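Notes to accompany the following structure.
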Amino acid sequence: MHSAIAKKIAAVLFMILLSTGLRGAPAATPRCASENEYAVFSGESEGNAVAVCLPQDFGMHGRYAALFFEREDGDIVRLRCELDTEQPAVSGKTVALSGGGYAYMRFRDGDKSYIVYTGIGNWSENGGKMAVAGLAVEIGGAVAETFDLSNNHESDLGPALFEMLDLPVDWQEFDLPLEDTGAPAENDDEWVASSEILSHALADEMRAIADAGRTSALRYDGKGTAAGRPCHLFSFGEDNPEKFTALGHYAVDAKGDIYKMDVIGGGEYKLFKQ
């Protein structure tokens, strides 16, 4: 039971990370093969374009993942990897880090791998949060080229998508191609610890949503006050591809006390659990 709850908490924490920064703006134009496909990742930078596409009505019109990669010189790579084979040529993984995490898909083509990734972590020059995205090309297991798409991308890569695809877990190691950006932001781990406390407290609610076949999500809303105390603020609710539906708003203080917003009673926070 404790193992199941821990796994659920880990999934929710990664969903927090996805909801707080794994997108760039403006959105890139998807480069799927036809109108019968849609992009779950798209990015453009300096004449290079990347897209990961799936068939519309996934499962009915095929079970595959496709990669489109166009270099600035016009050279194009298209890979279509079937998922209903014994050893699919595509795999993926989500990796949790202290104060962040990343997700990626690996497309294999002979001795080459094309790795599409998104992530968020303490990688900015001042040690604060920064979202990244890009494509890495490996040859013989070593990174040969990287393409930064952080400022112009859209991404749905992450545990929910990988579960829907029943995507094999990548057995190779992949580290984000990042330069050293200095020390972590001060007190950055506080909101992560607060989210863990709140996730434990809402374990029954999360389980009820999962038992109903839906997906729960915990979103970080920044710092604020509740009952006169400085707190980290969160929204808890149900998540689906169309929208996030908040079921409650919570605050966690430095002692670990949890407060819940009384929406009907005027929006004040009241003690929920000590």
Side-chain angles (χ1 to χ4, degrees), residues 15 18-19 21-94 102-110 112-119 131-138 145-170 213-215 217 238-245:
M15 290 178 70
L18 290 177
S19 69
L22 299 195
R23 288 183 184 269
T29 303
R31 302 296 183 91
C32 298
S34 72
E35 61 183 14
N36 295 322
E37 293 181 345
Y38 68 100
V40 293
F41 178 96
S42 59
E44 294 181 7
S45 179
E46 298 180 352
N48 302 296
V50 178
V52 175
C53 302
L54 302 177
Q56 298 282 1
D57 298 324
F58 183 81
M60 295 181 62
H61 293 160
R63 282 181 43 82
Y64 66 86
L67 171 71
F68 171 89
F69 171 36
E70 182 178 8
R71 297 175 182 268
E72 60 179 337
D73 61 6
D75 184 42
I76 294 177
V77 174
R78 288 189 185 273
L79 298 176
R80 171 171 163 154
C81 300
E82 301 292 338
L83 290 166
D84 286 335
T85 62
E86 186 174 343
Q87 293 183 323
V90 60
S91 56
K93 185 183 288 185
T94 58
Y102 60 98
Y104 69 90
M105 291 181 69
R106 178 190 297 272
F107 293 81
R108 297 178 181 83
D109 184 24
K112 286 187 177 181
S113 286
Y114 298 87
I115 303 164
V116 181
Y117 63 86
T118 60
V132 299
L135 172 75
V137 181
E138 289 185 354
E145 295 179 284
T146 59
F147 301 86
D148 183 17
L149 308 171
S150 301
N151 294 325
N152 189 12
H153 76 282
E154 287 193 354
S155 174
D156 292 320
L157 303 190
L161 175 67
F162 296 170
E163 182 178 356
M164 187 272 286
L165 297 178
D166 194 18
L167 193 67
V169 177
D170 187 49
R214 299 189 294 271
T215 301
E238 295 184 12
D239 209 12
N240 61 58
E242 286 76 33
K243 65 176 182 177
F244 170 78
T245 303

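As the structure is a computational prediction, the values presented were derived from the model and not from experiment.
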Hey, does [Y] have a side-chain heavy atom less than 4.5 Å from the side chain of [X]?
X: L54; Y: M164; value: yes
X: N152; Y: S45; value: no
X: V137; Y: F147; value: yes
X: V50; Y: N48; value: no
X: Y64; Y: P55; value: yes
X: F162; Y: K93; value: no
X: V52; Y: F107; value: yes
X: D166; Y: R63; value: yes

[atom1]-[atom2] distance between [X] and [Y], expressed to the nearest 0.5 angstrom:
X: N36; Y: C53; atom1: CG; atom2: SG; value: 12.0 Å
X: Y117; Y: F41; atom1: OH; atom2: CZ; value: 8.5 Å
X: R214; Y: T245; atom1: CZ; atom2: OG1; value: 10.0 Å
X: T118; Y: M105; atom1: OG1; atom2: CE; value: 11.0 Å

State, to 0.1 Å, how close [X] and [Y] come at their nearest heavy-atom pair, and which atoms those are.
X: D75; Y: D73; value: N-OD1, 2.9 Å
X: A103; Y: T94; value: CB-CG2, 3.9 Å
X: P88; Y: L83; value: CG-O, 3.8 Å
X: S150; Y: A131; value: CB-O, 3.9 Å
X: C32; Y: A39; value: SG-N, 3.7 Å

Fill in: Partners passing side chain to side chain donor-acceptor pair (under 3.5 Å) against S91 (at least two apart in sequence or in another chain)
R108, D170
Fill in: NZ/NE/NH1/NH2 to OD/OE distance under 4.0 Å, R71 and E145
yes
Fill in: Step-by-step side-chain contact (heavy atoms from CB on, under 4.5 Å) determination, L135 to Y114
CA-CA 7 Å; L135 172 75; Y114 298 87; 4.1 Å; yes
Worksheet item: For R78, which residues count as a salt bridge (Lys or Arg N to Asp or Glu O under 4.0 Å) partner, sequence neighbours excluded?
Response: none
